[in-house]
Amino acid sequence: MPHITVQHFPKELDAGRRAALVAAVTEAVTTAFEVEEGAVSIALEPVAPDDWQDQVYAPRIVGRADLLVKSPAY
């Protein structure tokens, strides 16, 4: 615990950018939840723009609004 899934439009991240993202998310999560780095897992899940509405926005943002801690501005 905890596990983070980042759903995003497809984008290739080079090794440096990917490492920076993982380090930043890991740091934020370990600090907030007061857990060791080894307790954190992170998944990157690309979602095609044409599928965003049905796969992410409707079920995960609108459908689970009670769990959102930051809403999108779109």
Side-chain angles (χ1 to χ4, degrees):
M1 124 59 205
H3 174 74
I4 309 323
T5 299
V6 179
Q7 294 175 298
H8 58 90
F9 285 178
K11 177 172 179 68
E12 289 296 322
L13 298 178
D14 64 31
R17 215 173 259 251
R18 187 180 194 128
L21 173 62
V22 169
V25 171
T26 300
E27 174 66 24
V29 170
T30 58
T31 299
F33 288 99
E34 299 178 328
V35 297
E36 297 296 321
E37 182 178 328
V40 177
S41 57
I42 301 170
L44 298 178
E45 182 182 346
V47 178
D50 289 345
D51 296 330
W52 189 261
Q53 179 68 31
D54 292 334
Q55 290 184 16
V56 179
Y57 187 74
R60 310 266 325 196
I61 296 172
V62 174
R64 300 179 79 187
D66 59 314
L67 299 177
L68 281 182
V69 294
K70 183 184 179 308
S71 296
Y74 54 85

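The chain is numbered in sequence order, starting from 1.
Of all the heavy atoms in Pro10 and Pro46, the pair that sits closest is CA-CB, 4.0 Å.
For the atom pair CD (Gln7) and CG (Asp51), the distance works out to 11.5 Å, reported to the nearest 0.5 Å. Here Gln55 contributes atom CD and Arg60 contributes atom CZ; the two are 11.0 Å apart, rounded to the nearest 0.5 Å.
With sequence neighbours left out, the ring-ring contact (aromatic ring centres under 6.0 Å, His included) criterion links Phe33 to no other residue.
Between Val29 and the options Val25, Thr26, Thr31, a side chain to side chain contact (heavy atoms under 4.5 Å, CB included) holds for only Val25.
Between Tyr57 and Tyr74, the angle of the ring planes lies from 30° to 60°, which puts this pair in the tilted group.
With contacts defined as side-chain heavy-atom distances shorter than 4.5 Å, the pair Ser41/Ile4 does not qualify. A heavy-atom distance below 4.5 Å is found between the side chains of Leu13 and Leu44.
Side-chain heavy atoms closer than 4.5 Å link hydrophobic residues (I, L, V, M, F, W, Y) into clusters, and following such links, even through other members, never connects Val69 to Val6. Leu21 is not connected to Phe9 by any chain of hydrophobic side-chain contacts under 4.5 Å among Ile, Leu, Val, Met, Phe, Trp and Tyr, and they are in different clusters.
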